[in-house]
Amino acid sequence: MNDADDVLVLGGEKFTSRLIMGTGGAPSLDVLDRALEASGTELTTVAMRRLDPAVQGSVLDVLRRRNIRVLPNTAGCFTAGEAVLTARLAREALETNWVKLEVIADERTLLPDPIETFDAAERLVADGFTVLPYIGDDPALARRLEQAGCAAVMPLGAPIGSGLGVRNPHSIELIAEAASVPVILDAGVGTASDAALAMELGCDAVLLATAVTRAQRPELMAAAMRSAVEAGRMARLAGRIPRRRYAEASSPSLPRFA
Amino acid sequence: MKVTINGNAGELPDGMTVAEAVRTLTALTSGVAVAVNDVVVSRGSWESTALAENDRVEVLTAVQGG
């Protein structure tokens with residue numbers, strides 16, 4: 001059974017699916033199309049790049065056909081200025097004021113730069129954007145971004161594309177506990193149990209790409225992620241039993257023999 | 001006049017508009033955004049915005065990512 005009233009409200013919009021997909025890393029638009037369908041996602045990221053006249057077919061056509069809302073990101077930006085310009089170009093090109101704000105500190109780790117991210121977030125909020133910032137697993141920064149008017153916070157589980165899962169469950173849990181905006185675990189998911197864990201820790205949604213697009217069978221992994229996010233969410237709502245050091249019998253303790 | 005479009009410098013006729021510059025790359029008008037010297041030029045202004053010597057034009061679209 002599913003809780004029919006359990007919808008994700010993000011930026012004032014309602015979503016039934018709590019799995020947000022990225023589109024990077026898919027070997028072809030056809031593979032991506034089938035993976036997105038299997039994932040059940042309703043919100044999916046794209047990047048903004050210089051138009052290449054040689055490229056045929058567009059990821060936008062896939063999203064439009066599947067009726068999936070587009071979430072442009074600012075991937076590839078290293079400064080607040082670059083990110084703000086990229087967000088404004090995305091708003092113009094895609095007619096959405098939603099943006100996944102991503103300001104990277106360096107190429108090797110692809111970790112988010114907290115200072116530039118915060119600076120860009122303030123400017124974009126002031127400019128009327130619905131800002132979803134990608135951040136480290138830092139509860140203090142998450143709180144500051146929420147106070148700055150961001151519509152969600154998106155802490156990483158592990159570095160982008162690493163597939164290392166949720167490296168710091170304690171921090172993710174602290175962020176989820178304190179936030180009054182949705183918390184979306186973004187980056188680091190390697191397999192279904194990682195996504196389920198994020199939801200069990202109290203995240204409101206999971207954003208992933210590589211784990212699906214670079215899996216040996218993307219469509220099947222997309223279906224697995226969909227189930228994992230749903231299972232993790234249901235487990236969270238159901239309330240897990242406390243951990244105990246010793247056994248607690250689940251059978252009646254009456255005498256076995258009369 | 002010398003204008004750089006998506007990093008490629010070239011000679012363009014004087015008075016060329018943003019709309020004409022975009023058409024050198026694509027016939028698309030939706031899903032595309034333009035910045036001239038790091039300032040967004042909204043689609044409604046493409047036809048009426050003339051480029052000037054040494055302008056840097058960026059024509060962007062959405063690609064797979066994230």
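Here is how names work: the chains are called A, B, and so on, in the same order as the sequence lines, proteins then strands, and each is numbered from 1.
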For A/N67, I'd like to know if atom CG has over 12 heavy atoms of other residues, nucleotides or ligands within 6.0 Å.
no
How about CZ on A/R217, more than 12 heavy atoms from neighbouring residues, nucleotides or ligands closer than 6.0 Å, or not?
no
With chain A as the partner, which of B/T26, B/L28, B/V40, B/V34 has the greatest number of non-hydrogen pairs under 4.5 Å?
B/V40
When the 4.5 angstrom heavy-atom criterion is applied to B/V41 and chain A, the contacting part is backbone
Residues 49-66 of chain B: residues contacting chain A (heavy atom under 4.5 Å, by number):
B/E58, B/V59, B/L60, B/T61, B/A62, B/V63, B/Q64, B/G65, B/G66
Residues in residues 2-10 of chain B that sit under 4.5 Å from chain A, counting heavy atoms only:
B/N6, B/G7
Sort A/A26 into side chain, backbone, both or neither according to what part of it lies under 4.5 angstrom from a heavy atom of chain B.
both
Can you tell which part of A/L32 gets under 4.5 Å to a heavy atom of chain B, answering side chain, backbone, both or neither?
side chain
Contacts with chain B made by residues 40-53 of chain A (heavy-atom distance under 4.5 Å), listed by residue number:
A/T45, A/V46, A/A47, A/M48, A/R49, A/R50, A/L51, A/P53
Report, in residue-number order, which members of residues 83-95 of chain A are under 4.5 Å from chain B by heavy-atom distance.
A/L85, A/R88, A/L89, A/E92, A/A93, A/L94, A/E95
